[in-house]
Amino acid sequence: MALADIFTRPADSAATASPRAFGMRPLGTGLEGLTAWVDDIAALTQPDRIHWVDGSRAENDALLRQMVEDGTLIKLNPEWRPGSYLARSHPSDVARTEARTFIASEREEDAGPTNNWAAPDDIRSTITPLFAGSMKGRTMYVVPFSMGAVGGPLSHIGVQITDSPYAVASIEVMTRVGTDVLREIAGGAPWVKTVHSVGAPLEPGQKSDAWPCNDEKYIVHFPETLEVWSYGSGYGGNAILAKKCFALRIASVIGRDEGWLAEHMLLIRVIDPAGRRYHVAAAFPSACGKTNLAMLKPTIPGWRVETLGDDIAWLRPGEDGRLWAINPEAGFFGVAPGTGESTNQTAVETLWGNTIFTNVALRPDGDVWWEGLTDEAPAELTDWQGNPWTPAMGRPAAHPNSRFTVSAAQCPQIAADWDSPEGVPLDAILFGGRRATNVPLVVEATDWTHGVFLGSTISSERTAAAEGTVGELRRDPFAMLPFCGYNMADYFGHWLKIGQKLRFDRAPRVFQVNWFRKGSDGRFLWPGFGDNARVIDWIIRRIEGEVPGIDSAIGRLPRAEDLDIEGIAVTDADMAELFAIDPASWLREADLTEEFFQTFEGRVPAPLWAELAALRYRLQRA
Ligand code: SAT
Ligand code: MN
């Protein structure tokens, strides 16, 4: 089949295909395989129309115009926010739904205790009837996309079928969409199948809700057949299947099998006053400041940061014994609240236009607002649900998980080579979370295995990015708890194995950081944001061997004099609290780690148990 024929295929070619046992039909490769799959899905979901997305500007314009007409998007005032739109989701569809997210591997132990497992056949027979006719009255879009530069050595291709034009517009920002990708498929490149339906079929003549969705939700991953099926939600990671579903859950499985890592990490280049360049990847749970760190403006003179990615990094050991990283995405899907001139000026500048906002507040002048954008709230607003709002009401105007979707290229400090196919060699890996107590500002792992141990024990206070009680402490190893597509204990083992492929003197050094420690008076001890560069400065001086690390029970700490705190309001007492290690509460953490490791029923690798034993030994003597 010729590439051009795809766009002119009659929509009714699918109607002749009969619904089959989905996922069971051998597809073959190339465009024939793709069109056979599209026909299968269309026969199942019965859309009115099929639209093959070519990724062109004209197509995107038409899509946005249609969504404005349908009431899904509100066009913002172009004087303030050109080319930008506001979407308001259904109030029940505002975050990833982890309880409805499943890993359907053949064997339960391959999903592991941290995932919801479902037997593939069982869950197929549950969801297939839901998808049957689920696109009636709607357009089915076929979106071919590439994660990483098209054709790059670490890039991977996917196709998303969706009945949500909002999802299409978002995927066009977040990935590389278009005909180049079809050309790769035509050339035989393997691709991941992702199917998404909001689960809101229309009767003839029925008008769609502005934000169609269904109370019943399923986000199902089939790691063995490289498929994702998502039903019922139009929001974020539930609907932009390229992101968490593919680039993390499915990609982590591909990485396990191929010898690389798919990680929930930002990626930056740090340039010191001498012009030396370092590459740092950092894993933090959702809504813990990854985007802020990715767009850091150092407060120490002479330092610069260039952004490479803010959420996902794919890491691959190179021939040279170093660990190479790419950002597979092409845009940012960032948390709006807390993003302002004083916290992330770069993000504010990035959002000057061409941005899709979701669940932020609308100003009377047709611009947007959210908590933290400015110190003072405007006198009146329309809140994220479309109701009149004034500051006196005492509730937030924007949803705490409200988001912006914007192209990475629009970031003023994006690295010129941010989408180079080979990526960048890593010098340091940071693990962090939101911890009010116990965890110091920064601690260095003594070696790779200790670094993997630190990653495996990360815990963090819950945020609004996922459903659940905000503030509750939960284990979030490598910030991958909701995103690892296979048994997390096997994943720890895979990290250890990757270390063996690196040259010991070229492997990135591993650090644990915590910007969120609070003093006994309940206030944050560390200013965070641009001042986090002071911690990175120490990290780089450690890499260069310019300063010693002080051995402690939990890892290497800075000497007080080596952390540059000149000009910031951090007192000696604050510094002492920031680095205080209380052996008794750390021993309690060690007990919790043991409990956590035990949930994996013997699968946690022995070197990590040895690290735990060594940690306890050091704490008991501290
Ligand atoms: O909704 S997403 O999963 O894409 C965002 C996040 O949780 O980080
Ligand atoms: Mn994330």
Side-chain angles (χ1 to χ4, degrees), residues 280 282 284 288-289 292-293 296 298-301 303 342-343 428 430-446 450-451 453-455 457-461 471 473 509-593 611 614-622:
V280 179
F284 301 92
C288 285
N292 290 342
L293 186 57
L296 187 79
T299 52
I300 29 182
W303 288 76
S342 57
T343 57
L430 276 46
F431 295 120
R434 234 173 233 278
R435 290 294 307 266
T437 59
N438 262 15
V439 179
L441 178 63
V442 59
V443 53
E444 181 189 350
T446 45
H450 184 228
F453 176 73
L454 291 182
T457 57
I458 294 291
S459 56
S460 187
E461 291 146 24
L473 197 66
R509 301 270 277 271
V510 182
F511 299 81
Q512 180 175 8
V513 297
N514 176 26
W515 321 134
F516 301 96
R517 192 156 181 179
K518 289 183 177 168
S520 39
D521 54 0
R523 117 200 106 87
F524 286 112
L525 291 165
W526 182 249
F529 304 108
D531 289 315
N532 291 337
R534 297 167 188 277
V535 174
I536 293 177
D537 163 52
W538 180 74
I539 286 172
I540 285 170
R541 282 190 284 145
R542 279 295 300 150
I543 292 170
E544 292 293 350
E546 293 169 5
V547 289
I550 305 298
D551 278 320
S552 81
I554 62 167
R556 293 199 179 119
L557 302 175
R559 293 187 305 189
E561 65 265 38
D562 290 335
L563 199 67
D564 177 358
I565 51 167
E566 214 185 289
I568 56 171
V570 176
T571 63
D572 289 351
D574 292 342
M575 280 288 272
E577 269 193 280
L578 270 169
F579 287 99
I581 296 166
D582 172 30
S585 44
W586 268 95
L587 280 164
R588 278 194 298 277
E589 292 234 351
D591 291 344
L592 295 176
T593 297
E611 287 291 338
L615 170 67
R616 280 175 159 154
Y617 175 76
R618 293 190 302 262
L619 287 167
Q620 273 148 2
R621 298 188 338 153

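Scope of the values below: all heavy atoms of this structure, side chains included, with no hydrogens, waters or symmetry mates.
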Is there a side-chain contact (heavy atoms from CB on, under 4.5 Å) between Ile540 and Glu546? Walk through the geometry before answering.
CA-CA 9 Å; Ile540 285 170; Glu546 293 169 5; over 6 Å; no
Going by heavy atoms in the side chains, are Leu293 and Ile536 under 4.5 Å from each other?
yes
Residue pair Arg559 / Ile550: nearest heavy atoms and the distance that separates them
CG-CD1, 3.3 Å
In this structure, CG of Asp537 is separated from CG of Asn532 (nearest 0.5 Å) by 12.5 Å
Between Ile543 and Ala428, which heavy-atom pair has the shortest distance, and what is it?
CD1-CB, 3.9 Å
In Å, rounded to the nearest 0.5 Å, how long is the span from CE of Met575 to CG of Leu563?
4.5 Å
Distance-only side-chain donor-acceptor flag, Trp526 / Asn514, under 3.5 Å:
no
Going through the distances and angles, do Phe431 and Val513 end up as a side-chain contact (heavy atoms from CB on, under 4.5 Å)?
CA-CA 6 Å; Phe431 295 120; Val513 297; over 6 Å; no
Taking all non-hydrogen atoms of both residues into account, name the closest pair between Ala622 and Pro583 and its distance.
CB-CG, 4.1 Å
What distance separates Asn292 CG from Phe284 CZ, expressed to the nearest 0.5 Å?
10.5 Å
Minimum side-chain heavy-atom gap Leu525-Lys518 below 4.5 Å:
no
Side-chain contact test, heavy atoms from C-beta onward, threshold under 4.5 Å: evaluate it for Pro440 versus Ile554 and give yes or no.
yes
Would you indicate whether the side-chain heavy atoms of Arg616 and Asp591 approach each other to under 4.5 Å?
yes
Value rounded to 0.5 Å, distance of CD in Glu444 from CZ in Arg509:
4.5 Å
Rounded to the nearest 0.5 Å, how far does CG of Leu430 lie from CG of Leu454?
11.0 Å
Note: Arg541 and Asp564 closest approach over all heavy atoms is NH2-N, 4.4 Å
Between Ser585 and Thr437, is there a side-chain heavy-atom distance shorter than 4.5 Å?
no
Please tell me if the side chains of Phe511 and Trp538 come closer than 4.5 Å, counting only heavy atoms from C-beta onward.
yes
Does a sphere of radius 6.0 Å around CG in Asp572 hold more than 12 heavy atoms from other residues, nucleotides or ligands, not counting ones at 6.0 Å or beyond?
no
Do the side chains of Val535 and Pro558 get nearer than 4.5 Å, heavy atoms only?
no
Do you know which of Ile300, Ile539, Val442, Val570 makes side-chain contact (heavy atoms from CB on, under 4.5 Å) with Arg534?
Ile300
For Ala553 and Leu615 the tightest heavy-atom approach is O-CD1, 3.4 Å
Look at atom CD of Glu566 and say whether more than 12 heavy atoms of other residues, nucleotides or ligands are closer to it than 6.0 Å.
no
Is there side-chain contact between Asp551 and Arg618, with at least one heavy-atom pair below 4.5 Å?
no
Specify the closest pair of heavy atoms between Ala569 and Asp574, including all atoms of both residues, with the distance to one decimal.
O-OD2, 3.9 Å
From OG1 (Thr593) to CH2 (Trp586), nearest 0.5 Å
8.0 Å
Would you say Arg542's side chain and Arg556's backbone share a donor-acceptor pair under 3.5 angstrom?
no
CA sep, side-chain torsions, deciding dist, call: Leu587, Gln620, side-chain contact (heavy atoms from CB on, under 4.5 Å)
CA-CA 8 Å; Leu587 280 164; Gln620 273 148 2; 4.3 Å; yes
